[in-house]
Asks: 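Before anything else, here's the structure in question.
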Amino acid sequence: MAASFAAAGFFPKTNTPIKPAKNSFLDKPDVISLNSVPKPNKSDTKSSMKAQAQTLPKINGTNPGVKLPFENVLLEEPPEKMSSPFQTTSSKTFYNALPDWSVLLAAMMSYVFLAAEKQFTLSDWKPKRPEMLADAFGFGRMIQDGSVFRQTFPIRSYEIGADRTASIETLMNHLQETALNHVKIAGLLGDGFGATPEMSKRNLIWVVSRIQLLVEHYPSWGDVVEVDTWVGASGKNGMRRDWHVRDYKSGQTILRATSVWVMMNKETRRLAKMPEEVRAEIGPYFIERLAIRAEDAKKLPKAEKKDSSERFVREGLTPKWGDLDVNQHVNNVKYIGWILESAPISILEKHELASMTLEYRKECGRDSVLQSLTSVSSSADCTGEDGVRCEHLLKLESGSEIVKGYTEWRPKRIEEGNAGAFSGQSA
Amino acid sequence: MLRSHVAVPSGAAASPQFRRPSNAWRGPTVVTCTARSGRASVSSCSVTKEMEVAHLTDSEGARGEPTLGERLRLGSLLEDGLSYKESFVIRCYEVGVNKTATVETIANLLQEVGCNHAQSVGFSTDGFATTTTMRKLHLIWVTNRMHIEIYKYPAWGDVVEIETWCQSEGRIGTRRDWIIKDLSNGEVIGRATSKWVMMHQDTRKLQRVSDEVRDEYLVFCPRTPRFSFPEEDNASLKKIPKLDEPTENSRLGLVPRRADLDMNQHVNNVTYIGWVLESMPQDIIGTHELETITLEYRRECQHDDSVDSLTSAEFEGASENGSSNGVALSMQNPQHQFLHLLRLSGTGLEINRGRTVWRKLKGKKEKL
């Protein structure tokens, strides 16, 4: 179910206790240099051995013999307090330092992060001054002393949907990409499930159980979005990952999202409590900042008593090859497309998705045949008078529920820019 | 034929812009290019600080860091203005079961860079990339043929650099070519070429490319023919025969999803690739990767159509009907080759024909 999303767990990979003290190795800006880290511990599998052997991170799988044009990409303009320039030789992308995707297990290099716990609410957030070229290729970087990860995405033409704005699938793909890159850039990318060493020892993996998002504005072709993501605690046994997406140029919020992850035993497929050892690994990285504050959380749709509402069904949905992730499970984001398949076209054409809650129940793979059901109700307390509220269910034809969803829609705003072409210079 | 917004550059901007190298775009004299909302227009040079939209402006001078800016330029016309280059990072959700970018991702990127090329030389940004004359005459570009060869698939986090250009092809068409390189080492990892024809938007009838239109875009094309497949008798030219039925494999009743529609409410070109692959035999898909795909577009598909996808193995010079001795013959041929057909479910009318060539994935045993 959440194979791809699950890697969004964010865990250190070291046995050395992480000191939340400030300025522990703050002579470097947010992207951590390889040189300053302790070696990874040996209790891991062969991948860490491989990783240790790779002192020179590779780009695109090859060792760069010469300085490549975009090596500096990972650098970001150091915040004011940092003085020394970042050493470029070790700042190469380590994404491709791993020779084989399938042997990615707990991190090859451990980093000591500065992970002070901070109380953030959105109102405290001040946009930084414009980043320079550091994130040109969109690899993303750590900000705020390593507690938040930021990445920008230009909206590409094929990410635009039939209504001429970025589709919700595009936006959710960005969330997924930043989650994985966050884990990667922290050197914590696990075996695709984002498991920490302590979790792997116990055959535990992360699975997403719920995602909620509030969309304020949909970007158009050519816009650039900036995504911030971070993690926090969720109850005693879960983890929360939040995102805040803004228009890069204007700073206007595009969407805010929060997700809840729980631990599951890979073999038995049963939910598990968080072992103390895992808590020790990941706890220091949790911050309390919330993407969706309490007052906004009221806008999130949830289950409601269905009286008389129209129902729509779409049957015989099957995953295509392109829908599967590296684990041959259907990518999380594809579910949204299917959920919306049964939404009546009259809603899709005139409304845009304002908020959504998704509850993931079960995973499905290539051979599944699904049904998508939608119940529509226009209740008075929707967003605005013309708002529409829907309840969705994606289930196997054999009966098991895969995803339950609740959506709220608002009438589309006609924006000048969306009409494209002949609108000339638009805002 | 399909309408698509990947098309040929048109000379919406007057040619004097191109005397200088890519710096030319910084002049405010570019006339008719249309800006999309939120995006820097080519007529303003000082707007963008962000690299991500730098394919419209040369970042040189915009930030005072020429070296980095030049090197990190994501997409821009090359110095002579005759081709366009852009780099892309492969994102995690663009990677498929083989842990490498899917062919749909590659096709999407080709489409994107084609769009951006068109946009950078000042074409319409409504998705049709038409010249001024074309718009007057209600003409649009449609894809006729597409041929993609991939030698090495990029993985998540890799950066690919795609260069694209276009030129006229015969009397009725134009072609757009691409070269895909791995940015880290300059290795060519793929090539592609496509052929386009003009069609009247309303009558859907084909039209010859008039000299007027041709002049509008010729200024942006290489002066001497340049092909991504320069070799003679290359695979991109091979005819694709119609499949004999019954075919070995089929997948019926494929329907466009809303996500398959492009911004002009037509089934996106790339969706057809996904449909073609749907009827590939499972054992090939699991153990091989697509090396070449050629598609001939014959008819458009509307959002409410239902499509059948048919596949049969193809054997060079051997029996036309690939069904009976398929397995025995294919074992001798390490590169598997297939013919495809997409047709409307109800009427059986052809939507497109295709050919794919597959090579074995390293380390995978072939299932018999």
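Numbered from 1 within each chain, the chains take letters A, B, ... in sequence-line order. Keep in mind that the numbers below use all heavy atoms, side chains included, and drop hydrogens, waters and symmetry copies. Bear in mind the structure is a predicted one, so any value in this text is a computation, not a measurement.
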Asks: In terms of heavy-atom pairs under 4.5 Å with chain A, which of B:Leu277, B:Val103, B:Leu109 leads?
Replies: B:Leu109
Asks: Between B:Ile285 and chain A, with a heavy-atom cut-off of 4.5 Å, which part of the residue counts as in contact: side chain, backbone, both or neither?
Replies: side chain
Asks: Would a 4.5 Å heavy-atom cut-off, applied to side chains only, mark B:Gln111 and A:Arg156 as touching?
Replies: no
Asks: Output the option from B:Met280, B:Glu278, B:His303 having the highest count of non-hydrogen pairs under 4.5 Å with chain A.
Replies: B:Glu278
Asks: Enter the distance from B:Arg91:CZ to A:Asn181:CG here, rounded to the nearest 0.5 Å.
Replies: 10.0 Å
Asks: Side chain to side chain contact (heavy atoms under 4.5 Å, CB included) for A:Arg314 and B:Val255? Distances and angles first, verdict last.
Replies: CA-CA 12 Å; A:Arg314 179 80 181 255; B:Val255 180; 3.6 Å; yes
Asks: Kindly compute the distance separating OH (B:Tyr93) from NZ (A:Lys334), expressed to the nearest 0.5 Å.
Replies: 10.5 Å
Asks: Quick check on the structure: residues of residues 336-347 of chain A within a heavy-atom distance below 4.5 Å of chain B, by number.
Replies: A:Trp338, A:Glu341, A:Ile345
Asks: For A:Asp247, which residues count as a side-chain hydrogen bond (donor to acceptor under 3.5 Å, both in side chains) partner, sequence neighbours excluded?
Replies: A:Ser250
Asks: OH of A:Tyr158 to OG1 of B:Thr105: how many Å apart, nearest 0.5 Å?
Replies: 6.5 Å
Asks: Would you give the length of the straight line joining atom CG of B:Leu261 to atom OG of A:Ser167, rounded to the nearest 0.5 angstrom?
Replies: 11.0 Å
Asks: Does some side-chain heavy atom of B:Arg251 sit less than 4.5 Å from a side-chain heavy atom of A:Thr318?
Replies: yes
